[in-house]
There are 2 protein chains.
Amino acid sequence: MTEKDDFSLQDFLPFLLNRAAEDASLAFQAHYKNRYGMLRNEWRVLFHLGVFGQMTAKEIGLRAKIHKTKISRAVAKLAERRFVSRSRDEKDRRAEHLQLTPAGEAAYRDLRAEAESYDAQLAARFDPQEVALLRRMLRKLASIEEPVSSAPERD
Amino acid sequence: MTEKDDFSLQDFLPFLLNRAAEDASLAFQAHYKNRYGMLRNEWRVLFHLGVFGQMTAKEIGLRAKIHKTKISRAVAKLAERRFVSRSRDEKDRRAEHLQLTPAGEAAYRDLRAEAESYDAQLAARFDPQEVALLRRMLRKLASIEEPVSSAPERD
DNA sequence: AATTAATAGTTGTTTTTGTAACTAACAAGG
DNA sequence: CCTTGTTAGTTACAAAAACAACTATTAATT
């Protein structure tokens with residue numbers, strides 16, 4: 001029993017990250033699921049379109065690291081519910097430009113507000129500079145580049 | 001476009017946590033999957049039994065916050081592969097005591113070593129005190145109580 | 001004791017996911 | 001052009017997860 005008790009399951013970063021992610025997502029997940037019948041990937045796609053405006057499935061995939069299959073299905077659902085409209089690119093007729101409909105925008109705004117307040121709630125459990133460090137570390141672990149301080153570049 | 005661009009998807013803690021968790025788990029996940037054909041829940045059950053010794057499905061569920069259904073199926077697989085043995089509690093014949101077999105112990109030791117080195121690899125990307133803070137914050141987010149400094153209490 | 005409730009664990013059924021194969025459109029080399 | 005290769009996106013099938021209903025056993029209530 002006294003082999004190597006200094007490293008337990010609960011120190012293991014992937015385990016901790018998964019557990020924390022599950023717990024932290026629970027309430028918000030319930031919100032977009034109950035309110036809009038959305039799955040995680042649908043919410044993510046919606047959010048990307050809300051933040052970045054019109055873009056293709058490919059671009060969303062690159063930004064969010066979501067596989068094209070998932071995006072395809074998420075977009076299909078969102079389009080079915082009239083949250084997203086699609087239009088073929090006339091230069092390259094393989095590509096499809098995706099864009100939120102007014103209903104999609106409304107859902108985005110609602111979910112975004114919810115996300116912000118939920119995020120604030122989580123953050124409030126720690127010191128501000130601790131939270132800043134946490135975000136920075138998580139970004140690094142997720143290979144997300146640091147946001148350039150002010151201007152968010154358009155694409 | 002200039003509504004509220006100060007809060008992006010990539011600042012949202014649940015999103016960041018999920019992304020970081022996915023990325024951080026990837027390599028390790030591949031390891032136990034390829035090497036032992038294990039799923040995430042199977043690995044978690046194995047690890048709990050390895051760390052805490054004999055326990056019931058119920059107890060694992062409480063510690064790991066895994067639903068009994070998942071544990072039941074994970075245990076079934078592990079038992080099938082002779083990593084876990086089961087024995088009825090004679091006082092309460094509903095309960096089943098689970099325990100690693102020698103093969104299970106061997107797998108546990110291998111995976112644990114792998115976990116430790118993988119954890120170290122992740123941790124090496126940051127300052128030690130940053131990592132300590134990260135673990136503390138993740139534990140708090142996951143509602144895992146801090147380990148009491150020295151003696152890990154037996155059950 | 002007999003009835004009802006609660007608990008440990010399992011099983012069945014429906015959703016979701018993951019992987020890979022597919023279609024359609026474009027691009028490049030000969 | 002015409003074969004070969006790439007890319008955007010979809011679809012089909014198999015694996016896995018979620019949720020609810022179920023069995024067996026124990027506990028509680030009358």
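Reckoned from all heavy atoms, side chains included, excluding hydrogens, waters and symmetry mates. In this text the structure is predicted, and so the values were computed from the model without any measurement. Protein chains get the first letters and strands the later ones, always in sequence-line order, with residue 1 at the start of each.
With D:dT11, D:dT25, D:dC19 as the candidates, the nucleotide lying closest to the side chain of A:Arg73 is D:dT11. Closest to the side chain of A:Lys70, out of C:dG12, C:dG18, D:dT25, is C:dG18. Side-chain proximity of A:Thr69 to the nucleotides D:dG9, D:dT11, C:dT13 is greatest for D:dT11. With D:dC19, C:dT17, D:dT25 as the candidates, the nucleotide lying closest to the side chain of A:Leu39 is C:dT17.
For A:Asn18 and D:dA17, the CG to P distance is 12 Å, given to the nearest whole Å. Between B:Gln29 atom CD and C:dT17 atom P there is a gap of 15 Å when expressed in whole angstrom units. Residue B:Lys68 contributes atom NZ, which lies 16 Å from atom P of C:dG12 at whole-angstrom precision. Between the CZ atom of B:Arg44 and the P atom of D:dA17 there is a distance of 11 Å, rounded to whole Å. Taking atom CD on B:Glu59 and atom C1' on C:dT7, their separation rounds to 14 Å, with Å as the unit. Protein atom CG of B:Leu26 is 11 Å distant from nucleotide atom P of C:dG18, rounded to whole Å. Rounded to whole angstrom, the span from the CE atom of B:Met55 across to the P atom of C:dA8 amounts to 13 Å. Here the C1' atom of nucleotide C:dG12 and the NE2 atom of B:His67 are 15 Å apart, to the nearest Å.
In terms of phosphate contacts, B:Arg86 brings a side-chain nitrogen or oxygen within less than 4.0 Å of OP1 or OP2 of C:dT10. OP1 or OP2 of C:dT7 has not a single side-chain nitrogen or oxygen of B:Lys58 nearer than 4.0 Å. The side chain of B:Ser72 places no N or O atom within less than 4.0 Å of a non-bridging phosphate oxygen (OP1 or OP2) of C:dG9.
Looking at B:Arg88, its side chain does come within 3.5 Å of a backbone N or O of B:Arg93 through a donor-acceptor pair.
Nearest-nucleotide mapping onto DNA chain C: of A:Lys91 and B:Lys33, the residue sitting toward the 5' end is B:Lys33. Nearest-nucleotide positions on DNA chain D place A:Ala95 closer to the 5' end than the other of B:Arg40 and A:Ala95.
Among the protein residues, B:Thr56 comes within range of the sugar-phosphate backbone only, with heavy atoms under 4.0 Å from sugar or phosphate atoms but none that close to a base. Heavy atoms of B:Lys77 sit nowhere under 4.0 angstrom from any nucleic acid atom.
A parallel orientation is assigned to the rings of A:Tyr32 and A:Trp43, their planes being inclined by less than 30° (bins at 30° and 60°).
Remark: the B:Arg94 side chain and the C:dT7 base include a donor-acceptor N/O pair separated by less than 3.5 Å.
The salt bridge (Lys or Arg N to Asp or Glu O under 4.0 Å) with B:Asp11 is formed by just one residue from the set A:Arg139, A:Arg136, A:Arg135; it is A:Arg139.
Both cation-pi conditions hold for B:Arg63 and B:Phe52: the charged atom is under 6.0 angstrom from the six-membered ring centre and inside a 45 degree cone around its axis.
Checked against a 6.0 Å centroid threshold, the rings of A:Phe12 and B:Phe28 count as neighbours.
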